[in-house]
Structures are given as structure tokens and as C-alpha cells.
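Heavy atoms only: backbone and side chains are in, while hydrogens, waters and symmetry mates are out.
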Amino acid sequence: MKLEIGALVKAVAAVAAVSYALCALLVALAPEVTMRAAEYLMHLDLSGISRPISWGGVLAGILAWTLGNAAFAAAAAGLYNRFIRG
């Protein structure tokens with residue numbers, strides 16, 4: 001089964017954009033809890049790190065995160081299609 005690269009890229013980009021926006025919202029609303037959860041997920045001590053949230057930073061971050069994930073999805077789908085051809 002061949003993957004439709006464009007459809008996969010759009011789906012991954014949409015999920016990436018929404019997940020980034022939710023993460024930014026959590027950091028803005030509950031920074032302490034969000035940082036504590038991130039520490040547990042990544043097994044790191046992030047207590048000395050703090051970043052102010054700004055609209056410009058959120059927009060730049062969502063753009064970079066979405067484009068990066070979309071490029072990753074395109075590369076993975078391209079390789080998948082190449083591998084299934086034999």
C-alpha cells in the first residue's frame with residue numbers, strides 16, 4: 001500500500017500545530033505544573049530554565065514545529081514508498 005505523501009504531510013502538520021498550541025497554552029496557564037510534567041517526561045531537571053511566553057514566540061514556534069514535523073512526515077512517507085517497491 002503506497003502512502004499519499006501530501007495527505008500524510010497535511011495530517012501531521014495539523015496535529016503538530018494543535019499539539020504545539022495546546023502545549024503553549026498549558027505553559028501560559030500553569031507554568032509550574034507544565035514544567036514539572038516535562039521534567040518527568042524527559043528525566044531532566046528543568047528548574048533553572050524559564051522562558052517568557054509572547055505571541056511572537058508562540059507564532060514562530062508553531063511555524064517551526066509544524067514545518068519540521070511536516071518535513072519529517074514527507075521524508076518518512078517517501079522512504080516508506082521507496083521501501084515497499086522493493
[X] [atom1] to [Y] [atom2] distance, which is reported to the nearest 0.5 Å:
{"X": "Thr34", "Y": "Leu46", "atom1": "OG1", "atom2": "CG", "answer": "11.5 Å"}
{"X": "Asp45", "Y": "Met35", "atom1": "CG", "atom2": "CE", "answer": "9.0 Å"}
{"X": "Leu59", "Y": "Tyr20", "atom1": "CG", "atom2": "OH", "answer": "9.0 Å"}

Legend entry - Expected output: side-chain Asn81 to main-chain Lys2 donor-acceptor under 3.5 Å: no
Inset, instruction - Without swapping roles, check the side chain of Ser19 against the backbone of Ala16 for a donor-acceptor pair under 3.5 Å. - result: yes
Treat each ILVMFWY residue as a node, draw an edge where side-chain heavy atoms are under 4.5 Å apart, and state whether [X] and [Y] are in one component.
{"X": "Leu44", "Y": "Tyr40", "result": "no"}
{"X": "Tyr80", "Y": "Val12", "result": "yes"}
{"X": "Leu79", "Y": "Ile84", "result": "no"}

Closest approach of [X] and [Y], non-hydrogen atoms and distance?
{"X": "Ile62", "Y": "Thr66", "value": "O-OG1, 2.7 Å"}
{"X": "Val58", "Y": "Ala24", "value": "CG2-CB, 4.2 Å"}
{"X": "Ala77", "Y": "Leu8", "value": "CB-CD2, 3.6 Å"}

